[in-house]
Every structure is written in structure tokens, then in C-alpha cells.
Q: 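Please find one structure pasted underneath; my questions will follow.
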Protein chains: 2
Amino acid sequence: MDTPVDPRTARSRDAILAAAHTLLVREGPASVTHQRVAHEAGVGRATVYRHWQRADHLLLAAMSGSDLPFFRSPTSPVRPWLHQELRKLADELTLPAVAAVTLTLMQTALWDPDAATRRNHSSAAVTTRITTALDLAQETGELTTVLPSEDAAALLIGPMLYRTAMEAGTVSDMLISHLLDSVGTWRD
Amino acid sequence: MDTPVDPRTARSRDAILAAAHTLLVREGPASVTHQRVAHEAGVGRATVYRHWQRADHLLLAAMSGSDLPFFRSPTSPVRPWLHQELRKLADELTLPAVAAVTLTLMQTALWDPDAATRRNHSSAAVTTRITTALDLAQETGELTTVLPSEDAAALLIGPMLYRTAMEAGTVSDMLISHLLDSVGTWRD
DNA sequence: AAACTATGAGTCAACTTGTCTCGTAGACTT
DNA sequence: AAGTCTACGAGACAAGTTGACTCATAGTTT
């Protein structure tokens, strides 16, 4: 494993990815072209072609830079922990950088199978984590759930996404509380 | 009002809009260029420029072809009516044409103020209609709501959008029932 | 039938895209 | 520390795209 890598390759690679990400966030996916990225990265155009033959692959790579740090390692009691995680996620979703990546991924997935794959991985990861947390809450008797666990992610995250991306609004703590109540009955 | 319009203008206009919409749905927003649209519409390239100077304006125009027919004129009892409307919306969201327009609008709105305006109008229209329906249900004593009415749209539609656009899944009637229960307590 | 005007076809310069070559500087090898 | 390797930037190139323009024609209006 881990083949030693020429530092030059790594440097250009990182510069290109950062530039592509910057351009995506600042001007939208249409601006992520070999030429624009090369200029933004301070790198030769041929170098960008060398690393990514196609602009859409580069865009996809630029989107998957940061893996979501949410919903990992739940603690008991689960409710306050989950509330906090949802709060953080809601705040992230209002950041242009995060909104741009999320919506671009969802939209691109409609036509690009690779993007669809990555989108599926993302949503599967989130679903798994949320399910894990809710399972823990149920084992400890903190929660009595009233719906299939695979619906929980949609129920919790969907409204926050809609509020931020469609209504251009903010997610109140009250709304988060309400979402938590909608997945089941909480004790303690 | 209603200035008489040269049929030729109307014809090209319609052909161009239809072509732009077709291209958007079939190949994504990047394919909506003056040249591609002109070819798809069977129209001269100059004609497309004449009608829309900029490709993004054309894209926006192509997206706002159909105004959402949902949540209009609620009937009492509201619950079965609302369930049916949500069912229809969920089914629409699984159609590539509708998903493409919705996600492209949400995404484009991040960088294009015009798109943001249209997105805001869309979401405001939906919120108004849902609020109207829920108000009716509350007046007749059918529903006792437990949250600010402006949150209802996000709560009902958000999960369906997430399920279809992020999880690439379908919305079950059970999920819809659950969503309805989450906005308040229903009698009758 | 005459006047009007949107259209398709075509031309054009400026620019972008994808591909290739080559001299150079940075990085591994011994 | 010298020699070999290789990723790089710069530049050249043909092919294609973009946006702006002109003009004869055919479809509309009066």
C-alpha cells in the first residue's frame, strides 16, 4: 500500500483541487474548467489535463474533499447529542461552501453516474450513523421509535435542507426539537 | 394589456423554450447553450440570441415553464386531501424532468440572483398554500397544530425531497402519514 | 397588394478546448 | 554529489464555440 508519491505531483494535485473547490463555491460548477482552474491554481493548463482528463471528474473530486464529520460516535443520552449534531449540520448548510457542494452533488447525480455513486455513499453514511444513534437510544430505553429506522435520516435532515436551500432561511432550535420529537417518544 | 404578438415570434419562442427544457432534462444545464438549443429547436442560432441574450436567462425561463399545481383549493376534511397532494408531489419528484428543474433551480439560486428570486417565489407559493390548508383544518377543529405554520412546508416537503433527490428512493404512503402526524394532532 | 419584420443562413474575429512538443527544474538513486 | 528520471510550465497548434453583425427571404399585418 501507499506508494511513495512525487511531491511535485502531490503539490499540483492539491493546488488544483483547492482551486476547483474555490471556483465551484465562488462562481458555480460551470466555472470549473481546465483553464480557469489552472489559472486559479497558478499551474500550467497541461498539468490540469495531466491530472484530470475531464472537467466533470475534477469537479467531482473537488466536491469530495471533506468527508462529513457529523453523527459520529453518539453518546448517551442521545437526544442532546443528536440535537447538537443537527444544530452543527444546520449551521454548516448555511455556509455557501457546503450548500454549493451539497446541491451540486445532488444535481450532478441526475446525469452523472459517478456523481450518483458518491451521493449514494454520502447518504448511506449519514443514514447508517443516524440509525446507529437511534438504535443506541432505543437500547437504553431513552427512545421509543415509531417509524422504520431508514426513514429517520430523511425526516431529520430533509426539513433542514429544505429550509436552508429552498427557503433560504435558518433552522431554529425549536424546529430541531420538533424534528427529534417526530421520530419517536423520548424519555428521561 | 396583451399586445398582439407576431405568430412567428411566439413559434420560435415556444420552440426554443421547449428545446431548452428538453436539453436541461436530458443532458443537464451545461447543455443549454445557444447553439445546442438552436439545433434542438430547429431554429437559427441568431434567433436564439434575439430572444435571450444570455444562456442562463434562457435556462431560467425554461425552468419556469410549469407552475406547480399542488396544494391548491383544499377541501375538508383536509387530511385525506393533503395526503393525496403530497402523494402526487412525491410522484412528480421522482420524474427526471421535475427533479432536474427543482434541483437546478435550487443550485443556480446560489449564484444567480434572478434564480434566487424565482426559487423564493416558488417556495413562498408552496408555503402559503400549505399554511392555508392547515389553517382550514384548524378552523374546523380537524387539526391541533403544534408548531409555527411557516415550518409546516419544510416539515412536509423536506423529507420527500431528501428521500427522492438525495437517497434516490421512493416515498411510501406510510411516510406521508407520518409526516402529516408530525405537524399536529388530527381528529375525525 | 404593399409595407413590415422575424427568421435562417452566412461571415467574422476573439476566444476556448484538447493535444502535442520541448527545455527545465525538482526529485529520487547509488 | 553526480547522474538519471519525470512532472512541470510554456508555447504552438487545429478544431470548435461564442457573440456580433449583415442580408435576402418568407410569413404577417394592414
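Every chain is numbered from 1 and lettered A, B, ... according to where its sequence line falls, protein lines coming before strand lines. When reading the values below, keep in mind they use all heavy atoms of this one structure, side chains included, and skip hydrogens, waters and symmetry mates.
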Q: Is a donor on one side and an acceptor on the other found under 3.5 Å between the side chain of B:W186 and the backbone of B:L180?
A: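 Present.
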Q: How would you summarise protein contacts on nucleotides 13-24 of chain C per nucleotide, using B for base, S for sugar-phosphate only and - for none, with heavy-atom distances below 4.0 Å?
A: ---SBBBB----
Q: For residues 145-156 of chain A, which residue pairs qualify under salt bridge (charged side-chain N to carboxylate O under 4.0 Å, His left out), counting only residues two or more places apart or in two chains?
A: A:D151-B:R163
Q: For B:R11, which contact category applies under a 4.0 Å heavy-atom criterion: base, sugar-phosphate, or nothing?
A: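 Sugar-phosphate contact only.
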Q: Heavy atoms of chain B, cut-off under 4.0 Å: which first and last nucleotide of DNA chain D, 5' to 3', fall inside that, if you could look?
A: D:dT17 to D:dT29
Q: In residues 136-143 of chain B, what donor-acceptor pairs under 3.5 Å come from side-chain atoms, sequence neighbours left out?
A:
| residue | atom | partner | partner atom | Å |
| --- | --- | --- | --- | --- |
| B:T140 | OG1 | B:L136 | O | 3.3 |
| B:T140 | OG1 | B:A137 | O | 3.1 |
| B:E142 | OE1 | B:V78 | N | 2.7 |
| B:E142 | OE2 | B:V78 | N | 3.1 |
| B:E142 | OE2 | B:R79 | N | 2.9 |

Q: Sort and list the pairs that fulfil side-chain hydrogen bond (donor to acceptor under 3.5 Å, both in side chains) and have at least one residue in residues 11-37 of chain A, not counting sequence neighbours.
A: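 As it turns out, the side-chain hydrogen bond (donor to acceptor under 3.5 Å, both in side chains) pairs with a partner in residues 11-37 of chain A, which skip direct neighbours, are A:R26-A:E40, A:E27-A:R36.
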Q: Is any side-chain nitrogen or oxygen of B:H51 closer than 4.0 Å to OP1 or OP2 of C:dT7?
A: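 Indeed, a polar side-chain atom of B:H51 lies that close.
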Q: Please give, in whole Å, the distance from C:dC4 P to B:D6 CG?
A: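 In whole Å, C:dC4 P lies 15 Å from B:D6 CG.
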Q: Can you list every salt bridge (charged side-chain N to carboxylate O under 4.0 Å, His left out) pair that touches residues 109-133 of chain A, not counting sequence neighbours?
A: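 Non-adjacent pairs meeting salt bridge (charged side-chain N to carboxylate O under 4.0 Å, His left out): zero.
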Q: So with a 6.0 Å cut-off around NE2 of A:H178, is the heavy-atom count from everything else above 12?
A: yes
Q: Pair B:V37, B:W52 - check side chain to side chain contact (heavy atoms under 4.5 Å, CB included), show working.
A: CA-CA 11 Å; B:V37 169; B:W52 284 274; over 6 Å; no
Q: Decide yes or no on side chain to side chain contact (heavy atoms under 4.5 Å, CB included) for B:L86 and B:F70, but give the supporting numbers first.
A: CA-CA 8 Å; B:L86 288 170; B:F70 300 106; over 6 Å; no
